[in-house]
Amino acid sequence: MTSMSRARVARRIAAGAAYGGGGIGLAGAATVGLLLAEVQLARRRVGNSTAGRVPNAEGLYGSTLPTSGEPPLRLAMLGDSTAAGQGVHRAGQTPGALLASGLAAVAERPVQLASVALPGACSDDLDRQVAEVLADPDRVPDICVIMIGANDVTHRMPATRSVRHLAGAVRRLRTAGAEVVVGTCPDLGTIEPVRQPLRWLARRASRQLAAAQTIGVVEQGGRTVSLGDLLGPEFAENPRELFGPDSYHPSAEGYATAAMAVLPTVCAALGLWPAEEERPDALRREGFLPVARAAAEAASEAGTEVAAAMPTGPRGPWALLKRRRRRRVSETEPAPSAQPS
């Protein structure tokens, strides 16, 4: 599917989500049914070795950093097993811990991490998660990171419904005053037990949803970072290194790769990234595009950020597409370990 075709599909899905449609599926019901069966087989091969063993990474990161009287930044993780860090054994290996450590180092300020992410969650669980995050109006997060979408595809949730729940979650968080960064649907075509031709179908469905998610998120004032292709070539070329022992969830190295793709956007959303990095670089093919086109391009390239730009144009809302350099925590000044809440 070309970028323009993907943009048209994403526009239709996002419009259906906004106006209450529910019948637009991903890659056709029959093919997604086959994909579901294949992924269920993959999950049975995974077994229960990691079930219920998501490390608790909540706590204070960078506690020894000078605060200048400022309270810690608040970071909240929402979403599914990717956001929770299922498949690793230590709290410091989870995406939330990696993002909190990196953010503390860049901001030179402690970061309080909270997580309501739930393994197995679909986008309709975001309503509950957002309510939990916003339960205390005096402790609204400064920044929320959402990673969601894979279970929507495998559970055959209509794409319009999926995007509607995500856009609603972003709207509620932004209205409460939180910045929001969404890691869009990962590439299900990289799951090792899924065979061809369903790998191609899984990739197509994942990218369709990721592009539609981007439109819905950007229109509500959030930013997105594409994870699909990040979990594509790198995971396919290094499955033993970047997938965990269950061949389904990422390993510690895989989570670090994904989390550090998101970190620059988290910092930029909080105004912590260098000003010169905020200007589009033509040499990196960055610039202003209609939001649907930006969404389609981002779905095809890992680590690509999309954020709202000009409010509208002849072809609808516009967005800024950025291809930020991915950094690892080791490239920033390391922050001390988390302390218990």
Taking salt bridge (Lys or Arg N to Asp or Glu O under 4.0 Å) as the test, write out the residues that go with [X], two or more places apart.
X	result
Arg139	none
Asp127	none
Glu286	Arg284, Lys322
Arg90	none

Sequence neighbours left out, what pairs pass side-chain hydrogen bond (donor to acceptor under 3.5 Å, both in side chains) with at least one residue falling in residues 166-183?
none

Apart from Val130 itself, what residues make up its hydrophobic cluster when side-chain heavy atoms of I, L, V, M, F, W and Y under 4.5 Å apart count as a link, directly or indirectly?
Leu78, Val116, Leu126, Val133, Leu134, Val140, Ile146, Ile148, Leu166, Val170, Leu173, Val180, Val182, Val217

Mind checking who shares a hydrophobic cluster with Leu321, ILVMFWY linked at side-chain heavy-atom distances under 4.5 Å?
Leu289

With [X], which residues qualify under side chain to side chain donor-acceptor pair (under 3.5 Å), at least two apart?
X	value
Asp142	none
Thr184	none
Thr94	none
Arg128	Asp125, Glu132

Interatomic distance, CG@Asp124 vs OG@Ser162, rounded to 0.5 Å, equals 8.5 Å

Supply the atom-to-atom distance His155 NE2 to Cys122 SG, rounded to the nearest 0.5 angstrom.
5.0 Å

For Ala268, enumerate each residue passing the side-chain contact (heavy atoms from CB on, under 4.5 Å) test, keeping only those at least two apart in sequence or located in another chain.
Arg223, Trp273, Glu278, Arg324

